[in-house]
Amino acid sequence: MSFMEPFRIKMVEPLTSLTMEERIKILEHSGWNPFQVEGRHVTFDLATDSGTGALSQDQWAAMMQADEGYFYSRSFKKLEKCVKSLTGFQFMLPAHQGRAVEHLLFPILSKPGMTVFSNYLFPTTRGIADLVGLHAVDVPCQGSPDNSFNGNIDCERLKVELEKVGPEGAMVVLAVASTTPTGQPVSMANIQDLSKICSKFDVPLIMDGCRYAENAYFIKTRDKEYKNMTCKHIALKMFSYFDHVYVSAKKDGVYNTGGFLATNSEDVYNKVSGRMFYTEGFQTYGGLTGRDMEAMTIGLLEGIDDKFLQYRVESTRMFGDILKEAGVHVIDPIGCGIYLNGAKCLPHIPTCEYPAFALHCALYVSGGIRCAQLGDILKLDESNERENPKSQHILRIQIPRRVYTLSHMLHMRDIFKGIIEKRETISGMRVVDFTSSDYSAVLEPLNGKLFDE
Ligand SMILES: Cc1ncc(COP(=O)(O)O)c(C=O)c1O
């Protein structure tokens with residue numbers, strides 16, 4: 001499929017250029033943990049696509065015309081109109097990001113002790129479920145025909161689980177598309193089946209729509225029934241099966257912050273409006289400036305455009321494909337982001353020596369590339385061992401929207417290729433200090449040097 005960046009570039013930011021020796025020193029000072037490296041020392045930051053996209057000329061121009069009024073500003077009214085027409089819901093409330101909506105909504109829809117079922121709850125969503133006293137249970141499907149929609153929820157298993165807890169005991173959150181574990185889309189048929197089940201059991205069905213637009217593109221390109229529909233129309237149809245939808249505008253909203261709740265329930269709308277006054281701010285700005293609401297409105301419209309989505313999804317797939325050709329162990333199928341199996345990329349490093357961390361360090365040293373490791377790889381398990389068998393040793397690449405070009409991807413492919421060619425020389429790692437999370441841990445190469453050349 002032929003595609004290109006559907007834009008030209010008007011403002012540029014120079015890329016950081018350091019030598020390998022300089023990067024080794026920086027990494028050493030950062031406790032051999034790429035998460036700890038300052039942004040100015042990173043050339044390609046692929047740790048997340050959340051809030052890291054580039055703005056368009058229309059977004060910048062709209063910000064100049066923002067109305068910063070507190071009550072029902074012009075900027076709020078534009079956002080409200082846009083969200084209502086994109087989602088088809090009657091009520092909307094803005095928030096500063098996706099998790100803020102979860103934090104407001106979950107206690108209104110649930111009581112402590114209830115269960116929230118999902119295909120895959122994002123880690124912060126799981127954390128919020130925990131904070132409000134909910135049991136979080138993922139019931140993902142085990143693959144799908146052609147692996148096209150591996151983000152689907154397992155409807156049969158869900159029915160069994162719902163029978164057990166009964167209508168008062170549950171709610172369902174479907175991540176569309178999922179971010180964890182490997183960014184897979186959900187089919188329209190799965191959404192339709194799920195909606196019927198939730199109506200039958202009378203439990204609320206909520207969409208975590210952080211990647212709703214990419215999901216619509218996957219439906220368009222993988223389900224022939226939808227090939228002639230625009231992504232905007234597919235998304236509208238997806239939304240129509242849910243009771244409530246929340247979206248983080250930092251992803252498919254193509255903005256640096258923001259989020260919203262959309263619902264047809266006046267009761268939920270009133271309750272969330274009441275609560276948010278104390279945490280996010282009044283319901284007509286929800287922690288956002290007028291500028292944010294202006295840019296978010298445009299970002300939401302740009303982010304659901306078919307040509308933009310083709311570039312977004314196909315360039316990610318192309319990057320994954322050229323990494324595979326270079327010998328990198330990319331997890332198939334490629335969805336929203338590229339997920340690498342660190343253990344398989346560096347098979348000479350046992351998992352107790354953290355191959356994903358070692359690969360991450362090698363990528364930083366060789367090319368200034370930062371990714372993200374997934375899961376608590378370094379956390380001690382119940383038996384006080386670090387070699388947690390549940391650790392997946394996955395390295396995730398998420399590409400900020402409209403930031404890096406196809407030639408950057410070719411360059412990064414060459415960095416990966418160089419690493420794979422000399423992978424035997426890369427040392428395993430040891431944990432020196434672990435206080436709270438993988439993000440802040442201090443490590444070191446086992447024999448003092450990352451590359452044993
Ligand atoms: C599926 C999913 N849900 C929820 C969130 C939380 O959104 P936010 O970062 O805007 O709070 C994320 C963030 O990446 C996500 O990927």
Side-chain angles (χ1 to χ4, degrees), residues 35 45-53 79 83 93-106 116-132 134 136 138 140 149-153 171-186 191 205-216 218 235 238-239 242 244-262 272 276 279-280 286-288 292-293 295-296 299-300 303 312-313 316 335-339 371-375 394 396-401 439:
F35 290 128
D45 206 337
L46 312 179
T48 181
D49 65 341
S50 180
T52 53
L79 176 64
V83 169
L93 290 163
H96 82 275
Q97 63 182 89
R99 70 197 71 183
V101 184
E102 293 167 343
H103 199 212
L104 289 161
L105 184 66
F106 287 7
V116 51
F117 293 104
S118 182
N119 48 348
Y120 294 104
L121 283 187
F122 188 68
T124 53
T125 317
R126 194 175 298 281
I128 288 169
D130 205 37
L131 276 181
V132 302
L134 302 176
D138 287 351
F149 293 104
N150 283 357
N152 284 354
I153 194 164
M171 63 181 201
V172 178
V173 173
L174 190 74
V176 179
S178 71
T179 300
T180 45
T182 60
Q184 298 298 310
V186 177
I191 293 174
L205 175 58
I206 304 139
M207 183 202 285
D208 170 350
C210 289
R211 299 181 188 280
Y212 80 96
E214 287 185 41
N215 200 87
F218 281 112
M238 282 163 27
F239 289 132
F242 290 83
H244 320 282
V245 167
Y246 63 86
V247 169
S248 159
K250 299 175 73 170
K251 288 157 265 284
D252 285 0
V254 204
Y255 186 47
N256 307 123
T257 194
F260 64 81
L261 167 71
V272 174
M276 71 186 286
T279 55
E280 287 289 286
L288 298 168
D292 290 326
M293 290 189 281
M296 190 172 138
L300 285 165
R312 168 78 186 147
V313 175
T316 303
C336 308
I338 300 164
Y339 293 71
C371 317
Q373 287 124 214
L374 288 194
I394 289 177
R396 183 190 72 186
I397 292 174
Q398 277 183 337
I399 303 161
R401 293 164 181 78
Y439 298 113

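Indexing begins at 1, ligand by ligand and atom by atom, following the structure's order.
Phe149 and Val186 get closest at one heavy-atom pair: CD2-C, 3.5 Å. The minimum heavy-atom distance between Val272 and Leu105, with the atom names listed, is CG2-CD1, 4.2 Å.
Of the polar atoms of Gly98, at least one N or O is found under 3.5 Å from an N or O of ligand 1, judged by distance alone.
Atom numbering of ligand 1 starts at 1 in the shown order; those under 4.0 Å from a heavy atom of Lys250 are 10 (O). Ligand 1 places these atoms under 4.0 Å from at least one heavy atom of Glu102: 4 (C).
Closest to atom 10 (O) of ligand 1, if we only count protein heavy atoms, is Ser248 OG, 2.6 Å. Shortest contact from atom 8 (P) of ligand 1 to any protein heavy atom: Gln97 NE2, 3.3 Å. The closest protein non-hydrogen atom to atom 3 (N) of ligand 1 is Asp208 OD2, 2.6 Å. Shortest contact from atom 6 (C) of ligand 1 to any protein heavy atom: Thr124 OG1, 4.0 Å. Scanning the protein heavy atoms around atom 13 (C) of ligand 1, the nearest turns out to be Lys251 NZ, 2.7 Å. Regarding atom 16 (O) of ligand 1, its nearest protein heavy-atom neighbour is Thr179 OG1, 2.6 Å.
At a threshold of 4.0 Å, the pair Lys251-Asp49 does not count as salt-bridged, since none of the basic side-chain nitrogens sits closer than that to a carboxylate oxygen. Look at Arg126 and Asp138 and you find a salt bridge, because one of the NZ, NE, NH1 or NH2 atoms lies within 4.0 Å of a carboxylate O, short of that distance.
Both the backbone and the side chain of Arg99 come within 4.0 Å of ligand 1, judged by heavy-atom distances.
When the shell of 6.0 Å around NE2 of His96 is examined, it contains more than 12 heavy atoms from other residues, nucleotides or ligands.
The aromatic rings of Phe239 and Tyr212 sit tilted relative to each other, their planes meeting at an angle between 30° and 60°.
Between the CZ atom in Arg99 and the CD1 atom in Ile128 there is a gap of 7.0 Å [rounded to 0.5 Å].
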